[in-house]
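A short write-up of the structure that comes next.
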Amino acid sequence: MAPTQAGTMPEAPDTVPEFPMPRDARCPFDPPPALKALQEEAPLTKVRLWDGSEPWLVTRYADQRALLGDPRVSADTDSPGYPTKASPEGGEGKLSFIMMDDPEHARLRRMVTAPFAIKRVEAMRPAVQRIVDSLIDDMLAGPQPVDLVEAFALPLPSLVICELLGVPYADHEFFQENTKTMVRRTATPEQRGAAVREVAGYLAGVIGKRIAEPQDDLLSSIAGRVTAGELTHQEATEMALLLLIAGHETTANMIALGTLALLQNPDQLALLRDTDDPKLVSSAVEELLRYLHITHLGRRRAVTEDIEIGGQVIKAGDGIIMVNEIGNRDAEVFPDPDRLDLRRDARRHVAFGFGVHQCLGQPLARMELQVVYGTLYRRIPTLKAACAIEDVKFKNDAFVYGVHELPVAW
Amino acid sequence: MKVELEADKCVASGQCVLAAMEVFDQDDDGIAILLDEQVADGQLDDVREAIAVCPAAAIRLVEQ
């Protein structure tokens with residue numbers, strides 16, 4: 001798509017670009033070309049959303065970090081001006097503390113930070129390694145081609161969350177089945193809603209049991225907050241559901257999309273396949289997080305007091321959208337930004353957002369991806385896509401970007 | 001140089017620990033703690049990285 005001429009971008013209402021913008025079908029790993037053009041020519045610009053509202057689109061890395069770190073922005077979807085996401089299910093609903101502001105956000109978030117501490121996450125690494133190995137064993141023992149999303153990318157985070165929350169082994173299958181339906185493309189909104197209710201009801205039940213008989217797991221710790229009168233049973237259930245939803249499809253998409261990106265960049269794949277250096281694996285995870293960036297609809301906020309930024313005043317009541325996938329391609333921070341380079345230092349990426357709402361589960365996501373990227377291609381060195389890239393269906397219209405399925409063989 | 005940490009701002013992202021493991025750790029709730037507020041010259045780059053990646057702007061370096 002040709003970039004709009006410089007200087008003609010804002011003002012006249014019919015030139016306000018629509019958001020989200022289409023990707024170039026030939027470059028499924030790159031942000032939409034129009035985003036790149038805006039970053040260069042109009043880094044703060046109004047865009048039009050599905051509901052006719054016109055929030056600011058923030059495309060430069062520095063501006064995104066400044067605004068996401070600013071206490072004068074609100075993550076509350078009820079704040080005036082909040083840019084709402086369109087949804088086939090009609091609204092995204094409120095997901096516990098990620099859609100609240102401090103001090104209530106901080107109070108609730110701090111209740112569940114403990115298991116995501118670096119050392120606690122590291123202690124889970126052997127269990128994650130076992131799950132990854134066992135899923136790969138199953139794949140190797142089964143027929144080819146196999147859908148990597150269904151056989152590996154989706155079950156892994158679901159099983160890890162079981163481990164984290166303390167879902168009993170006997171219930172894993174129930175949990176897996178329903179979490180699968182929650183994200184399955186072909187599921188109807190009714191089926192998805194029913195699966196969410198099933199899982200929520202299940203989690204509420206386990207929290208009830210843990211209130212009576214605490215164990216050493218996250219659901220018990222959340223249950224303890226109910227006992228202490230700090231959370232209602234309902235809030236506790238929502239929190240457990242948030243941890244599930246936030247860590248499931250996101251991680252799955254990074255696994256499948258990351259694998260496809262590596263298969264398209266065989267020299268980079270070879271680096272991972274031929275190494276046992278945890279530093280290179282960790283660097284590869286950061287670079288793939290920077291390069292792919294699956295939360296393509298952007299971090300969204302409402303401005304609660306006038307903010308001056310980049311010679312522009314964003315007024316109280318305006319909405320702002322920080323599309324981190326374009327921030328992560330800002331050449332001022334990442335030289336040659338459109339190149340996938342597993343050896344670069346990509347640690348300053350904003351794939352997990354920035355500010356007080358930055359992803360709580362990031363240490364777990366990092367560790368899971370390190371185990372996956374460090375294991376999958378070494379154990380299946382001849383892994384290849386079993387379809388042409390033109391035939392891969394990308395999740396352009398989903399909340400979280402990725403691939404719907406990825407047939408692979410070896 | 002000395003490093004200062006405002007623990008009440010910390011959102012437990014763990015980023016400082018990953019960037020500078022000899023300087024930062026976390027308490028039982030994942031909130032950052034300082035292992036040593038004195039920063040050796042060899043640790044300065046790591047601490048600067050920790051400051052850059054801290055999502056809550058809770059860390060700073062001060063001259064002594």
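Keep in mind that the numbers below use all heavy atoms, side chains included, and drop hydrogens, waters and symmetry copies. Chain A is the first sequence line, chain B the second, and so forth, proteins listed ahead of strands; every chain is numbered from 1.
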| remark: The reported gap from CZ in A:Phe354 to SG in B:Cys54 (rounded to nearest 0.5 angstrom) is 7.0 Å
| field | B:Gln15 and A:Arg347, any side-chain heavy atoms less than 4.5 Å apart | value | no
| request: For chain B, find which of A:Arg65, A:Met111, A:Arg120 contributes the most heavy-atom pairs closer than 4.5 angstrom. | output: A:Arg65
| message | Surrounding CG of B:Asp41 (heavy atoms of other residues, nucleotides or ligands, distance under 6.0 Å), is the total greater than 12? | response | no
| query | Under 4.5 Å between any side-chain heavy atoms of A:Arg110 and B:Ile31, yes or no? | reply | yes
| remark: The interface call for A:Arg109 against chain B, heavy-atom contacts under 4.5 Å, is side chain
| task | Step through the shown structure and confirm whether more than 12 heavy atoms of other residues, nucleotides or ligands are within 6.0 Å of CD on B:Glu22. | result | no
| remark: One option among A:Arg348, A:His357, A:Arg366, A:Lys119 has the most heavy-atom pairs under 4.5 Å with chain B, and it is A:Arg348
| request: Assess whether atom CG of B:Asp45 is packed by more than 12 heavy atoms of other residues, nucleotides or ligands within 6.0 Å. | output: no
| note | Between the CZ atom in A:Phe352 and the OG atom in B:Ser13, the distance rounded to the nearest 0.5 Å is 10.5 Å
| message | I'd like to know if the side chain of A:Thr113 reaches the main chain of B:Gly30, judged simply by a donor and an acceptor atom lying under 3.5 Å from each other, with no hydrogens or angles considered. | response | no
| remark: Okay, B:Ala57 and chain A: the region with an atom under 4.5 Å from a heavy atom over there is neither
| query | Is the count of non-hydrogen atoms from other residues, nucleotides or ligands lying under 6.0 Å from A:Arg343 atom CZ greater than 12? | reply | no
| field | Contact origin within B:Asp29 toward chain A - heavy atom pairs under 4.5 Å | value | both
| task | Evaluate whether atom CD of B:Gln64 has more than 12 neighbouring non-hydrogen atoms of other residues, nucleotides or ligands under 6.0 angstrom away. | result | yes
| task | Say whether, by atom type as modelled, one donor and one acceptor occur between the side chain of B:Gln26 and the main chain of A:Ile118 under 3.5 angstrom. | result | yes
| message | Given heavy-atom pairs under 4.5 angstrom as the criterion, report whether the side chain, backbone, both or neither of B:Val17 touches chain A. | response | side chain
